[in-house]
Participant: 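For reference, the structure I am asking about is given below.
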Amino acid sequence: MKKIMITLSALALLTSCVSKKEYAALEAKNKETQDLLNTCTVKLNSCLEEKAGLKATVDGLKETNQHLISTSKDMTILSTKGAENIEKALESIKEKDLKISRMQDALTKKDSVTLAVVTSLKSVVGMDDKDIEINVDKGVVFISISDKMLFKSGSYEVSDKAKGVLTKVAKVINDKPDFECMVEGHTDTDVLKGNACLIDNWDLSVKRSTAIIRILSNDLGVKPEQLIAAGRSSFVPLVPNDSPENKSKNRRTRIYVMPKIDQFYDMVEKEMKKQPGAATSAPVQK
């Protein structure tokens, strides 16, 4: 701008001493210069605006880049934690699978032992009498003996016929000293009358249990520490107590045989060998 002013001043001073032709040429040159100046000014302003826009873009990109760097670090941390969690989850799944496998093996062994115990008891006690049942209840082997074989009505004195069955049961228990044997008495709902020694059906069911236990222990050589006395009165009936026949079914004594699994692998092996085609089966490992 300063140079242009000087030029204009010089032109003003020289107006008086230059020809019209020269003046016109200088004026044209001045206009050309002014136009060029205006054009440059416009381009400069445009460049300044573009620079400001680019600066804003650069600042935005820097902020975005910083955010991405921060996010990347967070994702790295999350990925590391995620990998650790996945690894822990896989380890937990492996442990659960192992536990399930062991539980399945234990159940298989338990079922095998239960089958062997039932088979042994049936072979010793026999199945000729309909008043004797050998079966499994909730994984536990039991012998159920009807009341009419064991006792007279309202009495807890064991009959001579019952002693023959108890002798066979005692033989199985004595052969396997690691058995536990629970004798459980059951009655019907009839109220006891005229018996000064018995208070109620609870009393009768327990006394019948202890009467059998005394025979097993005192007469048949079963160790007392293997025996458990229990009475259920009339509260666990097999059928409704609504007829003489049903009441007869509910009056019963159950002898539960509860072996420890690890003590009966030999018995399982012997029973399995008796099965058809089992001669070449692998021995059961302890």
Side-chain angles (χ1 to χ4, degrees), residues 111 114-115 117-174 179-222 224 226-259:
D111 290 342
T114 299
L115 175 61
V117 172
V118 170
T119 303
S120 296
L121 284 172
K122 285 183 177 180
S123 65
V124 172
V125 176
M127 293 297 294
D128 297 333
D129 200 319
K130 63 180 181 179
D131 294 321
I132 301 174
E133 176 190 4
I134 299 174
N135 217 323
V136 179
D137 181 23
K138 298 178 182 179
V140 180
V141 180
F142 70 88
I143 305 169
S144 183
I145 307 173
S146 71
D147 176 71
K148 61 184 178 181
M149 174 176 282
L150 292 172
F151 308 100
K152 294 180 181 180
S153 178
S155 170
Y156 54 89
E157 183 179 350
V158 181
S159 67
D160 292 334
K161 185 178 180 181
K163 291 179 181 178
V165 176
L166 295 178
T167 299
K168 296 176 181 179
V169 174
K171 181 179 183 303
V172 174
I173 299 173
N174 289 332
F179 273 177
E180 286 184 332
C181 180
M182 182 173 72
V183 180
E184 184 180 82
H186 296 261
T187 70
D188 58 23
T189 53
D190 287 348
V191 178
L192 288 173
K193 295 178 181 179
N195 194 324
C197 298
L198 297 171
I199 300 173
D200 52 23
N201 283 330
W202 278 112
D203 200 9
L204 176 60
S205 64
V206 174
K207 285 186 180 295
R208 284 180 170 178
S209 172
T210 54
I212 291 174
I213 281 179
R214 288 190 185 95
I215 291 174
L216 290 173
S217 177
N218 297 339
D219 301 341
L220 302 175
V222 177
Q226 293 178 253
L227 300 171
I228 303 169
R232 304 300 298 271
S233 185
S234 60
F235 298 104
V236 190
L238 294 175
V239 291
N241 285 284
D242 54 6
S243 68
E245 292 78 11
N246 283 355
K247 290 180 181 180
S248 177
K249 291 178 182 178
N250 290 330
R251 295 192 300 269
R252 68 201 186 278
T253 299
R254 278 191 174 184
I255 301 175
Y256 288 94
V257 181
M258 300 174 287

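Quick note: numbers below take in every heavy atom, side chains included, and nothing from hydrogens, waters or symmetry partners.
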Participant: With a 6.0 Å cut-off (strictly less than), is the heavy-atom count around CD1 of Ile228, excluding the residue itself, greater than 12?
Facilitator: yes
Participant: For Thr189 versus Asn201, what's the shortest heavy-atom pair and its separation?
Facilitator: C-ND2, 4.0 Å
Participant: CD/Gln226 to CD1/Ile173 distance, rounded to the nearest 0.5 angstrom?
Facilitator: 7.0 Å
Participant: Could you measure the distance from the CG atom of Leu227 to the OG1 atom of Thr210? Nearest 0.5 Å is fine.
Facilitator: 11.5 Å
Participant: What are the two closest heavy atoms between Gly154 and Leu192, and how far apart are they?
Facilitator: CA-CD2, 4.3 Å
Participant: Would you check if the side chain of Ser217 reaches a backbone N or O of Arg214 as a donor-acceptor pair within less than 3.5 Å?
Facilitator: no
Participant: When rounded to the nearest 0.5 angstrom, what is the spacing between CZ in Phe151 and CD1 in Ile145?
Facilitator: 8.5 Å
Participant: For Ala211, what residues pass the side-chain contact (heavy atoms from CB on, under 4.5 Å) criterion, not counting sequence neighbours?
Facilitator: Val158
Participant: Check whether any side-chain N or O of Ser159 sits under 3.5 Å from a backbone N or O of Met149 as a donor-acceptor pair, and report yes or no.
Facilitator: yes
Participant: Set out, in order, the CA-CA distance, both residues' side-chain angles and the distance that settles side-chain contact (heavy atoms from CB on, under 4.5 Å) for Arg208 and Leu204, then state yes or no.
Facilitator: CA-CA 6 Å; Arg208 284 180 170 178; Leu204 176 60; 3.5 Å; yes
Participant: Quick one: closest heavy-atom pair of Ser205 and Arg232, and the distance?
Facilitator: OG-N, 3.5 Å
Participant: Can you find a side-chain donor-acceptor pair between His186 and Arg252 that sits under 3.5 Å?
Facilitator: yes
Participant: Looking at every heavy atom in both Ile199 and Asp203, which two are closest together, and how far apart are they?
Facilitator: N-OD2, 3.1 Å
Participant: Test of understanding: with side-chain contact (heavy atoms from CB on, under 4.5 Å), list the residues that count as partners of Asp219, not counting sequence neighbours.
Facilitator: Ile215
Participant: Report all side-chain donor-acceptor pairs from residues 238-245 shorter than 3.5 Å, counting only partners two or more places apart or in another chain.
Facilitator:
residue: Asn241; atom: OD1; partner: Asn250; partner atom: ND2; Å: 2.9
residue: Asp242; atom: OD1; partner: Asn246; partner atom: ND2; Å: 2.8
residue: Ser243; atom: OG; partner: Asn246; partner atom: N; Å: 3.2

Participant: Just how far is it from atom CD1 of Ile255 to atom CE of Met182, taken to the nearest 0.5 Å?
Facilitator: 11.0 Å
Participant: Any chance you could measure Leu150, atom CG, to Lys161, atom NZ, to the nearest 0.5 Å?
Facilitator: 10.0 Å
Participant: What closest approach, in Å, do Ser209 and Ala229 show between heavy atoms, and which atom pair accounts for it?
Facilitator: OG-CA, 3.3 Å
Participant: About how many Å separate CD of Glu180 and OH of Tyr256, when rounded to the nearest 0.5 Å?
Facilitator: 14.5 Å
Participant: Does Leu220 offer a backbone N or O that forms a donor-acceptor pair with the side chain of Asn174 under 3.5 Å?
Facilitator: yes
Participant: Let me see the working for Ser233 and Thr187 under side-chain contact (heavy atoms from CB on, under 4.5 Å), right down to the final yes or no.
Facilitator: CA-CA 5 Å; Ser233 185; Thr187 70; 4.2 Å; yes
